[in-house]
Amino acid sequence: MGEQPIYTTRAHVFQIDPTTKKNWVPASKQAVTVSYFYDSTRNSYRIISVDGSKVIINSTITPNMTFTKTSQKFGQWADSRANTVFGLGFASEQQLAKFSEKFQEVKEAAKLARDKSQDKGETLSNHSQEESGRDTPSSNRASSINGTDDEKFLHVEPEEAVLQTENEHLKSAIEQSNTSAKKWETELQTLRENNARLVDALQESSANVESWKKQLGACKEESDTLREKIAELEAQCNEATQEKQRNAQLSVRVQELEAELHDKEQELENLRKQAEIIPQLMAECESITTKLQTAESRNKELEGRVDGLQLDIDDSQQKQVNMKGELKKFMDMLDGKIDELHEFRQGLSKLGVDN
């Protein structure tokens with residue numbers, strides 16, 4: 001049957017930096033397929049991942065391996081044969097949990113396969129020792145047979161040939177067992193060395209995790225500080241908006257005041273035009289006075305006309321008094337308007353300075 005996939009998932013693949021042994025180096029630009037394979041002929045398990053035509057993971061699982069979850073969506077394991085540490089980043093916690101459970105199952109299966117192989121080796125070794133122990137009594141039985149030398153030869157030769165053949169097989173099995181034992185000892189020593197390296201790498205990884213946690217805490221504090229600054233800036237923006245609204249209201253008020261000022265100036269202009277008539281009235285008044293004096297001088301001459309003209313004089317004087325009263329009222333009103341205009345200009349100047 002060969003190798004068959006028994007579990008498949010997708011993840012981002014990383015490898016530890018071989019120089020620093022601290023930083024992760026991406027082995028794939030995007031999430032790729034990661035599969036568990038079982039080889040029925042060798043009774044072994046492997047994790048394989050291929051990105052296009054490139055094999056980025058080819059890790060044979062041994063009982064000494066350990067899959068470690070370093071975060072909610074990231075896990076890693078060390079491969080001593082490949083002399084590296086693989087890391088997988090999953091899209092969800094569920095995928096990481098399933099992959100970790102499968103790793104533990106495959107690890108237990110690899111351990112059972114190794115134990116069975118060791119049991120077979122021990123059984124074969126014990127069997128060879130038992131067969132070698134049987135050689136001595138067989139030869140003794142062959143030498144204790146009664147009869148001539150020819151008869152002894154006829155009785156011993158077939159049994160010795162069988163025992164020699166079995167001894168050869170047992171010796172070959174023992175040599176293979178010894179070779180396998182040496183090989184296993186070498187592999188065990190290699191695994192121990194790799195385990196020590198992995199422990200160092202795990203300690204470095206733990207130190208890196210602590211460093212990353214500190215960096216994360218610093219980033220969180222910086223984020224909180226930035227949020228506070230953003231809140232302050234938003235408050236300042238709100239104040240600026242309110243200030244713009246106040247400025248807009250003041251601009252509208254200034255326009256209204258300018259319109260009122262224009263109206264006041266127009267009214268003042270009208271009053272000025274009316275004030276230009278005052279000299280004419282004064283001239284007329286002086287002319288009337290002159291005429292009155294002339295009339296008085298003529299009154300001496302025309303005493304006869306005094307009675308008739310007295311009424312005219314009284315009327316003229318009354319008109320003059322009325323005209324002077326109206327003129328005084330007009331001057332008072334003009335002074336009041338001028339004072340109001342002056343106060344209005346002062347108020348407008350203060351408003352322009354405040355704005």
Side-chain angles (χ1 to χ4, degrees), residues 216-355:
L216 180 60
C219 290
K220 287 182 178 179
E221 292 179 356
E222 186 177 0
S223 177
D224 293 337
T225 304
L226 291 175
R227 287 177 181 173
E228 292 177 356
K229 290 182 178 179
I230 289 171
E232 293 177 358
L233 291 175
E234 288 179 350
Q236 293 178 1
C237 290
N238 292 331
E239 293 178 357
T241 303
Q242 294 176 359
E243 189 66 24
K244 288 181 180 179
Q245 292 177 355
R246 293 194 197 99
N247 291 334
Q249 293 175 358
L250 290 174
S251 299
V252 173
R253 180 59 180 166
V254 168
Q255 292 177 358
E256 293 176 354
L257 293 174
E258 288 178 352
E260 292 179 2
L261 179 60
H262 180 71
D263 294 338
K264 295 292 183 181
E265 288 178 351
Q266 188 66 32
E267 186 177 357
L268 181 61
E269 186 66 24
N270 294 330
L271 292 174
R272 285 177 181 176
K273 290 180 180 180
Q274 294 178 5
E276 291 177 356
I277 304 174
I278 294 174
Q280 296 178 1
L281 296 175
M282 294 294 292
E284 290 179 359
C285 183
E286 291 177 358
S287 176
I288 293 170
T289 303
T290 302
K291 289 179 180 181
L292 181 59
Q293 292 176 356
T294 303
E296 288 179 353
S297 61
R298 289 179 63 188
N299 189 27
K300 293 178 181 181
E301 296 176 355
L302 301 171
E303 290 180 357
R305 297 180 181 180
V306 171
D307 294 336
L309 295 174
Q310 187 66 38
L311 294 174
D312 294 335
I313 292 170
D314 294 335
D315 292 338
S316 177
Q317 287 179 351
Q318 186 65 35
K319 288 180 180 179
Q320 186 177 3
V321 171
N322 293 334
M323 189 176 292
K324 287 182 178 181
E326 290 178 358
L327 182 60
K328 185 177 181 181
K329 290 180 180 180
F330 179 77
M331 292 297 292
D332 294 336
M333 184 173 64
L334 182 61
D335 292 335
K337 294 291 184 179
I338 291 171
D339 294 335
E340 289 179 3
L341 182 61
H342 182 67
E343 292 177 357
F344 180 78
R345 284 185 174 177
Q346 289 180 351
L348 185 61
S349 297
K350 290 181 179 181
L351 183 61
V353 171
D354 294 338
N355 190 22

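A donor and an acceptor atom, one from each side chain of His342 and Gln346, are located under 3.5 Å apart. A donor and an acceptor atom, one from each side chain of Asn322 and Glu326, are nowhere located under 3.5 Å apart.
Once rounded to the nearest 0.5 Å, the distance linking CD of Gln310 with CG of Asp315 reads 10.0 Å. How far NZ of Lys291 is from OG1 of Thr294: 9.5 Å, rounded to the nearest 0.5 Å. A distance of 12.5 Å separates CD1 in Ile338 from CD in Glu343, rounded to the nearest 0.5 Å. Here the straight-line distance linking atom CD of Gln293 with atom OG1 of Thr290 works out to 5.5 Å at 0.5 Å rounding. Note that CD of Glu284 is 11.0 Å distant from CD of Glu286, once rounded to the nearest 0.5 Å. Atoms CG and CD, on Leu268 and Glu340 in that order, are 11.0 Å from each other to the nearest 0.5 Å.
With respect to Glu276 and Lys273, no salt bridge is recorded, no charged nitrogen being found less than 4.0 Å from a carboxylate O. A salt bridge is defined here as a Lys NZ or Arg NE, NH1 or NH2 lying under 4.0 Å from an Asp or Glu carboxylate O, and Arg253 with Glu256 meets this definition.
Counting only heavy atoms from C-beta outward, the side chains of Met323 and Gln320 never approach each other to under 4.5 Å. Side-chain atoms of Glu267 and Leu341, non-hydrogen and from C-beta on, never get closer than 4.5 Å to each other. Under the 4.5 Å side-chain criterion, counting only non-hydrogen atoms from C-beta, Leu292 is not in contact with Ser316.
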Under the side-chain contact (heavy atoms from CB on, under 4.5 Å) criterion, do Glu265 and Arg345 qualify, and how do the steps go?
-> CA-CA 11 Å; Glu265 288 178 351; Arg345 284 185 174 177; 4.2 Å; yes
Steps toward side-chain contact (heavy atoms from CB on, under 4.5 Å) verdict (Gln274, Leu334) = CA-CA 10 Å; Gln274 294 178 5; Leu334 182 61; over 6 Å; no
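Remark: the backbone N or O of Asn247 is paired with a side-chain donor or acceptor of Ser251 at under 3.5 angstrom.
The number of heavy-atom neighbours closer than 6.0 Å to CZ of Arg298, taken from other residues, nucleotides and ligands shown, is 12 or below.
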